[in-house]
Protein chains: 2
Amino acid sequence: MITPFDDTYFMRKALDEAKRAFDLDEVPVGAVIVANNQIIAKGHNLTEQLNDVTAHAEMQSITSAAEYLGGKYLKKCTLYVTLEPCVMCAGALNWSQISKVVYGAKDERRGALRYDNILHPTTEIVGGILADECSELMKVFFKSKR
Amino acid sequence: MITPFDDTYFMRKALDEAKRAFDLDEVPVGAVIVANNQIIAKGHNLTEQLNDVTAHAEMQSITSAAEYLGGKYLKKCTLYVTLEPCVMCAGALNWSQISKVVYGAKDERRGALRYDNILHPTTEIVGGILADECSELMKVFFKSKR
């Protein structure tokens, strides 16, 4: 069976979200949450617009997916996010018991995966999907800030 | 100079918040954020009411304090929270660059302070204020669930 719904497909949707953040002059990170091959939540970084350090793409997506599902656990869901989650977002993903986390670029400075057991023990982790495109968008953003 | 505004005073206010959570059948954790001896934000755990794993007392307080201050950094603020922060909340507190975190009871299972450098390097940490009262409230709550 041919399916267009692979990790690259959904990461491209997360990248679209990251570009929305970029256009708002936010650090360009985007995320989508998928259940049964369907996007049930989208989010992009809004820390500047909302004046709120907690307004990361992942946090907004988690809240939105739980709202959609009518339950706080995301056990059969996958998060796609353009950047390796930070400690805050990894902690939130742990609480959500999400099935799978797929990230694009590695975050050498603030990525949480350097810590052992920071995600839920049942959460599968995949990294490096569209990593170059995800990190290029970040580089262009930070270059424009210098 | 005698001042009533010591760590115990503000922890008691956080405990009042925890009791509000208890009354709502939420895990009883409460928090307040203080700037210049003034409470600028309060929060209590609302994960069940809001169906949202991110709705911890600390997260709500951080968002609320930033809203009050009109800026996302909490550099001259102190958070009082009845339970040692989890990884998610510690990560959020790190991003906020809060000056000081004071907690009541230690959280042996989910406390984040077992990890090195999880709070911001400039954040002072004080633990054990009204620890017995804070943990007793948790014990009564979980006993009622059994």
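Letters go in sequence order (proteins before strands), and every chain restarts at 1.
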Chemist: Between B:Ala112, B:Gly70, B:Ala66, who has the most heavy-atom pairs with chain A when the cutoff is under 4.5 Å?
Modeler: B:Gly70

Chemist: In terms of heavy-atom proximity below 4.5 Å to chain B, should A:Ile118 be classed as side chain, backbone, both, or neither?
Modeler: both

Chemist: Just so I know, are the side chains of A:Asp52 and B:Lys72 near enough to count as touching, which here means a heavy-atom distance under 4.5 Å?
Modeler: no

Chemist: Within a 6.0 Å radius of atom CG on A:Asp6, are there more than 12 heavy atoms belonging to other residues, nucleotides or ligands?
Modeler: yes

Chemist: Do B:Tyr73 side-chain atoms and A:Val53 backbone N/O form a donor-acceptor pair below 3.5 Å?
Modeler: no

Chemist: So does B:Tyr68 have more than 12 non-hydrogen atoms from other groups sitting under 6.0 Å from OH?
Modeler: no

Chemist: Kindly work out whether a path of hydrophobic side-chain contacts (I/L/V/M/F/W/Y, heavy atoms less than 4.5 Å apart) joins B:Ile125 to B:Ile62.
Modeler: yes

Chemist: In terms of heavy-atom pairs under 4.5 Å with chain B, which of A:Thr63, A:Thr54, A:Leu74, A:Thr47 leads?
Modeler: A:Thr63

Chemist: I'd like to know which of A:Glu48, A:Met59, A:Arg110 tops the heavy-atom pair count under 4.5 Å against chain B.
Modeler: A:Arg110

Chemist: If two hydrophobic side chains count as joined below 4.5 Å and joins carry through other members, does A:Phe141 share a cluster with A:Leu50?
Modeler: no

Chemist: Answer yes if B:Leu15 and B:Val126 sit in the same cluster of Ile, Leu, Val, Met, Phe, Trp and Tyr residues linked by side chain heavy atoms under 4.5 Å apart, and no otherwise.
Modeler: yes

Chemist: Within a 6.0 Å radius of atom CG on B:Asp23, are there more than 12 heavy atoms belonging to other residues, nucleotides or ligands?
Modeler: yes

Chemist: If Ile, Leu, Val, Met, Phe, Trp and Tyr residues are connected whenever their side-chain heavy atoms lie under 4.5 Å apart, and connections chain through other members, are A:Leu137 and A:Tyr9 in the same group?
Modeler: yes

Chemist: Are B:Leu46 and B:Val81 joined in one hydrophobic group, where the rule is that I, L, V, M, F, W and Y side chains link up if heavy atoms are under 4.5 Å apart?
Modeler: no

Chemist: Please indicate whether A:Lys76 has more than 12 foreign heavy atoms, meaning atoms of other residues, nucleotides or ligands, lying under 6.0 Å from its NZ.
Modeler: no

Chemist: Report, by ascending residue number, the residues of residues 85-98 of chain A in heavy-atom contact with chain B at a distance under 4.5 Å; give 'none' if the set is empty.
Modeler: A:Cys86, A:Val87, A:Met88, A:Gly91, A:Ala92, A:Asn94, A:Trp95, A:Ser96

